[in-house]
Engineer: 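Mind looking over this structure? Questions follow.
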Amino acid sequence: MERAAAKASFAGIALALATAALLLAHRGAVERQSFKAFYCAGAAVKDRQNPYLVEPLRSCERRVAPSALPAGYVEPAPLPGYALIPFAALAMLPPKPAAEVFVLALVIAVVFAAYALGEVLPVARAGLLLAFAPLALLNVAYGEIAPIALAGVCTAAYAISRRQWTAAGLAVCVALIQPNVGLPAVAAVFLFAPRSRLSIALTAATLAILSVIAVGLDRNLDYLTTVLPLMANAELVASDQYNLSHLLYAAGASSALATLLGKIWFAVAASCGVLVAGMFATRLHRLALVPLLPPAFALLFGIYVHDIQILLALPAALAIAVQLRGRAFRTIAVIAVAILIAVWTQRIARTALVLDAAGVAGGIYAVLDGPVRRRVGGSILAALATVAGVLLLQHAQPPVATAQIVTGAFRAAATDWAPKAWAAYLRATPALMASGFWLKIPTWLGLAFVTLGALVVCAQSAMPSRSGSRALRLASAQYSVFSRRYD
């Protein structure tokens with residue numbers, strides 16, 4: 001009876017997510033967002049044109065989502081060639097049906113991720129799916145692709161738990177659709193799950209070949225040497241960036257210094273994530289957690305980070321909250337889960353607050369232990385506290401309203417690189433460069449708590465204290481069902 005109720009809850013949440021996503025697509029909300037850039041870049045690939053130039057992107061975006069924005073406006077699609085191939089297939093459909101197929105794929109990815117993660121962590125799948133819901137629907141509303149990468153890392157963890165090494169290698173490479181977050185996960189699995197190396201190597205080679213087929217060798221070189229640096233320069237001023245480069249630039253550092261230090265930090269943070277994943281594999285014998293941890297490290301002040309990508313830190317946050325022992329450490333881990341689930345940067349609306357509350361309640365219920373009554377009470381308190389925090393923070397620093405986004409004159413030639421035109425647009429739009437520092441603090445704190453929590457788990461495994469021995473035995477018993485699957 002209990003299992004039937006759990007399955008029904010999971011199915012109901014999945015259906016609600018799919019319904020909400022399809023409503024957004026049906027109303028045209030999705031195609032007005034980043035989806036239009038991906039769709040039009042896919043159309044350029046399909047037509048053997050350059051997807052990284054102002055034209056044909058600009059003309060296509062105007063057809064897909066007519067707007068009153070300046071004539072020079074174009075949103076770039078800074079994805080490698082292999083990631084544009086699915087959008088080339090979608091571009092065979094008209095924009096609205098393509099958007100509906102796209103959002104349905106995003107929902108399926110999130111549902112699959114929650115199902116797979118439920119096999120790795122001893123928590124309720126319905127709670128996991130609820131925890132994913134606020135950021136998943138934010139990705140749907142903005143037409144973004146982070147849920148696909150989420151499915152990749154969670155499926156890789158599931159495959160490793162089943163000792164399916166080929167599937168693990170294939171799955172983790174799916175996360176490369178978001179290279180800045182997926183690459184550390186791929187590196188960790190390659191290093192610490194040796195039997196997956198051949199699969200990863202073959203998949204990576206296949207993606208490289210597909211990129212050349214899709215856009216040509218010259219355009220792949222342009223992507224690496226020109227498009228990515230131009231995009232980094234463009235986003236340096238963007239107020240929605242969570243990276244160290246933007247923070248340093250806003251504090252007065254030169255663009256060259258801020259960019260350099262941001263790259264160095266990303267390399268260090270991503271390497272630390274891979275190293276900690278290796279410690280989990282060797283000290284804790286939790287090999288299935290290896291693909292989950294590096295994305296959280298890479299997202300802490302990492303390169304090209306937006307609120308939509310914080311979704312990829314949730315699996316690590318949930319895993320750490322389950323794994324940590326000691327009341328103080330577990331409390332901090334639970335707080336990290338709550339503040340990473342909530343969406344802090346979007347303007348207050350009743351639906352968004354209800355979604356945040358439901359997501360936090362589901363995630364906290366999933367990671368708390370003890371009697372059901374205690375878990376329900378704790379999850380309700382956490383949800384109310386998080387919503388109160390969102391309201392207070394947005395009262396102190398309201399997000400930018402649509403009416404405030406006024407763009408001055410700027411130009412973009414048809415043969416310009418799209419990221420260059422995007423930089424001109426941002427710099428001509430003061431509201432998009434306004435500081436959103438306070439709205440980002442909860443997310444930065446959550447990511448910091450997760451990374452520190454991972455280090456504490458490693459330290460606890462090396463030197464278990466007497467006071468923690470009982471908790472360690474409980475944690476070991478909790479994981480006993482899963483540990484036999486780890487290599």
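As the structure is a prediction and not an experimental result, all values here were calculated from the model.
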Engineer: Does any N or O in the side chain of S245 come within less than 3.5 Å of the main-chain N or O of A258, such that one atom is a donor and the other an acceptor?
Structural biologist: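 Indeed, once roles are kept as given, a pair shorter than 3.5 Å links the two residues.
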
Engineer: Just by modelled atom types, is the Q241 backbone N or O under 3.5 Å from a matching donor or acceptor in the H306 side chain?
Structural biologist: no

Engineer: Once the angle between the rings of F437 and W444 is folded into 0 to 90°, is it parallel (under 30°), tilted (30 to 60°) or perpendicular (over 60°)?
Structural biologist: tilted

Engineer: Could you pull out all residues at least two apart from Q346 that satisfy side chain to side chain donor-acceptor pair (under 3.5 Å)?
Structural biologist: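 Expected list: Y142, D307.
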
Engineer: Output all residues satisfying side chain to side chain donor-acceptor pair (under 3.5 Å) with S9, sequence neighbours left out; order by chain, then residue number.
Structural biologist: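 Per chain and number, S9 pairs via side chain to side chain donor-acceptor pair (under 3.5 Å) with no residue.
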
Engineer: Under the side-chain contact (heavy atoms from CB on, under 4.5 Å) criterion, do L79 and I145 qualify, and how do the steps go?
Structural biologist: CA-CA 11 Å; L79 296 179; I145 56 177; 3.8 Å; yes

Engineer: Do Y242 and Q309 have side chains that approach each other closer than 4.5 Å (heavy atoms only, starting at C-beta)?
Structural biologist: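 They are not in side-chain contact.
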
Engineer: According to ring pair (Phe, Tyr, Trp, His ring centres under 6.0 Å), who are the partners of Y223, at least two apart in sequence or on a separate chain?
Structural biologist: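 Partners of Y223 by the ring pair (Phe, Tyr, Trp, His ring centres under 6.0 Å) criterion, ordered by chain and then number, come out as Y52.
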
Engineer: Are the side chains of V387 and L391 in contact, using a 4.5 Å heavy-atom criterion?
Structural biologist: yes

Engineer: Where is the tightest heavy-atom contact between I348 and Q394, given as atom of each residue plus distance?
Structural biologist: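 Taking every non-hydrogen atom into account, CG1-OE1, 3.0 Å.
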
Engineer: The criterion is side chain to side chain contact (heavy atoms under 4.5 Å, CB included); which residues satisfy it with R27, sequence neighbours excluded?
Structural biologist: none

Engineer: If I take atom CD from residue Q33 and atom CG from residue N139, how far apart are they, to the nearest 0.5 angstrom?
Structural biologist: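 That separation rounds to 11.5 Å.
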
Engineer: Just checking F112: does its CZ atom have more than 12 heavy atoms from other residues, nucleotides or ligands closer to it than 6.0 angstrom?
Structural biologist: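 No, CZ of F112 has 12 or fewer neighbouring heavy atoms, counting only those of other groups under 6.0 Å.
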
Engineer: Taking the side chain from Q178 and the backbone from A149, do they hold a donor-acceptor pair closer than 3.5 Å?
Structural biologist: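 Checking the backbone N and O of A149 against the side chain of Q178, no donor-acceptor pair under 3.5 Å is found.
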
Engineer: In Å and rounded to the nearest 0.5 Å, what is the CG to CD1 distance from L150 to I177?
Structural biologist: 12.5 Å

Engineer: Just wondering, do L117 and F132 contact through their side chains at under 4.5 Å, heavy atoms?
Structural biologist: yes

Engineer: Is the shortest heavy-atom distance from the side chain of L24 to the side chain of V103 under 4.5 Å?
Structural biologist: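 Answer no - side chains too far apart.
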
Engineer: For Y425, give me all partners under ring pair (Phe, Tyr, Trp, His ring centres under 6.0 Å), at least two apart in sequence or on another chain.
Structural biologist: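 Per chain and number, Y425 pairs via ring pair (Phe, Tyr, Trp, His ring centres under 6.0 Å) with Y73, W422.
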
Engineer: So which atom in G152 and which in V174 form the shortest heavy-atom distance, rounded to 0.1 Å?
Structural biologist: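 So the minimum-distance heavy-atom pair works out to CA-CB, 4.0 Å.
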
Engineer: How close do C458 and L284 get, counting heavy atoms only, and between which atoms?
Structural biologist: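 Heavy-atom minimum between the residues: CA-CD1, 4.4 Å.
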
Engineer: Measure the shortest side-chain to side-chain distance between L293 and I320 over non-hydrogen atoms and say whether it is less than 4.5 angstrom.
Structural biologist: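 Sidechains of I320 and L293: in contact.
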
Engineer: Say you draw a straight line from CG of L22 to CG of L17; how long is it, rounded to the nearest 0.5 Å?
Structural biologist: 11.0 Å

Engineer: Kindly list each side-chain donor-acceptor pair under 3.5 angstrom involving residues 266-275, sequence neighbours excluded, with atom names and distances?
Structural biologist:
residue : atom : partner : partner atom : Å
S271    : OG   : A267    : O            : 2.7

Engineer: With sequence neighbours left out, write down each residue that passes salt bridge (Lys or Arg N to Asp or Glu O under 4.0 Å) with R125, or none if nothing qualifies.
Structural biologist: E119

Engineer: Is the NZ atom of K440 crowded by more than 12 outside heavy atoms at less than 6.0 Å?
Structural biologist: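 Counting other residues, nucleotides and ligands, NZ of K440 exceeds 12 neighbours.
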
Engineer: For R32, give me all partners under salt bridge (Lys or Arg N to Asp or Glu O under 4.0 Å), at least two apart in sequence or on another chain.
Structural biologist: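 R32: no salt bridge (Lys or Arg N to Asp or Glu O under 4.0 Å) contacts found.
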
Engineer: Does R286 use its side chain to pair, donor to acceptor, with the backbone of F280 at less than 3.5 Å?
Structural biologist: no

Engineer: Tell me the closest heavy-atom pair linking L340 and L135, and the distance in Å.
Structural biologist: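 In this case the closest contact between L340 and L135 is O-CD1, 3.3 Å.
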
Engineer: List for me each residue that meets side chain to side chain contact (heavy atoms under 4.5 Å, CB included) alongside L260, sequence neighbours excluded, and say none if there are none.
Structural biologist: I264

Engineer: Any donor and acceptor pair, going by atom type alone, linking the side chain of S239 with main-chain N or O of L432 inside 3.5 Å?
Structural biologist: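 It does hold such a pair.
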
Engineer: With a 4.5 Å limit on heavy-atom distance, are the side chains of R325 and V457 in contact?
Structural biologist: no

Engineer: Checking the side chain of T259 only, and the main-chain atoms of A256 only, is there a donor and an acceptor separated by less than 3.5 Å?
Structural biologist: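 The answer is no, because no donor-acceptor pair under 3.5 Å joins these two groups.
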
Engineer: List the steps and the verdict of side-chain contact (heavy atoms from CB on, under 4.5 Å) for L289 and L121.
Structural biologist: CA-CA 9 Å; L289 301 185; L121 302 180; 3.9 Å; yes

Engineer: Sequence neighbours left out, what passes salt bridge (Lys or Arg N to Asp or Glu O under 4.0 Å) with E55? Give chain and number order.
Structural biologist: R58

Engineer: Taking only residues two or more places apart in sequence, or in another chain, which ones meet F449 in a ring pair (Phe, Tyr, Trp, His ring centres under 6.0 Å)?
Structural biologist: none

Engineer: Which pair of heavy atoms, one from W344 and one from V390, lies closest together, and at what distance?
Structural biologist: CZ3-N, 3.4 Å

Engineer: Is R347 atom CZ crowded by more than 12 heavy atoms from other residues, nucleotides or ligands, each under 6.0 Å away?
Structural biologist: yes

Engineer: Compare all side-chain heavy atoms of V123 with those of L128 and state whether any distance is below 4.5 angstrom.
Structural biologist: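 Yes, their side chains come closer than 4.5 Å.
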
Engineer: Check whether any side-chain N or O of D416 sits under 3.5 Å from a backbone N or O of A421 as a donor-acceptor pair, and report yes or no.
Structural biologist: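 The answer is no, because no donor-acceptor pair under 3.5 Å joins these two groups.
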
Engineer: Between A185 and P294, what is the shortest heavy-atom contact and its length?
Structural biologist: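 The answer is N-CB, 3.9 Å.
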
Engineer: Quick check against the 3.5 Å criterion: does Y82 have a side-chain atom that pairs as donor or acceptor with the backbone of L176?
Structural biologist: yes

Engineer: side-chain contact (heavy atoms from CB on, under 4.5 Å) for L452 and I332? Distances and angles first, verdict last.
Structural biologist: CA-CA 10 Å; L452 290 173; I332 292 172; over 6 Å; no

Engineer: With K263, which residues qualify under salt bridge (Lys or Arg N to Asp or Glu O under 4.0 Å), at least two apart?
Structural biologist: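 Scan of K263 (salt bridge (Lys or Arg N to Asp or Glu O under 4.0 Å), adjacent residues dropped) gives none.
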
Engineer: Verify side-chain contact (heavy atoms from CB on, under 4.5 Å) between L257 and L248, making sure each step is shown before the conclusion.
Structural biologist: CA-CA 9 Å; L257 180 61; L248 293 173; over 6 Å; no

Engineer: Strictly distance-based, threshold 3.5 Å: is any side-chain N or O of H246 a donor or acceptor partner for the main-chain N or O of E235?
Structural biologist: no

Engineer: Do Y115 and Y158 have side chains that approach each other closer than 4.5 Å (heavy atoms only, starting at C-beta)?
Structural biologist: no

Engineer: Would you say the side-chain atoms of E61 pair up with the backbone N or O of E75, donor to acceptor, closer than 3.5 Å?
Structural biologist: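 Judged by distance alone, yes, a pair lies under 3.5 Å.
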
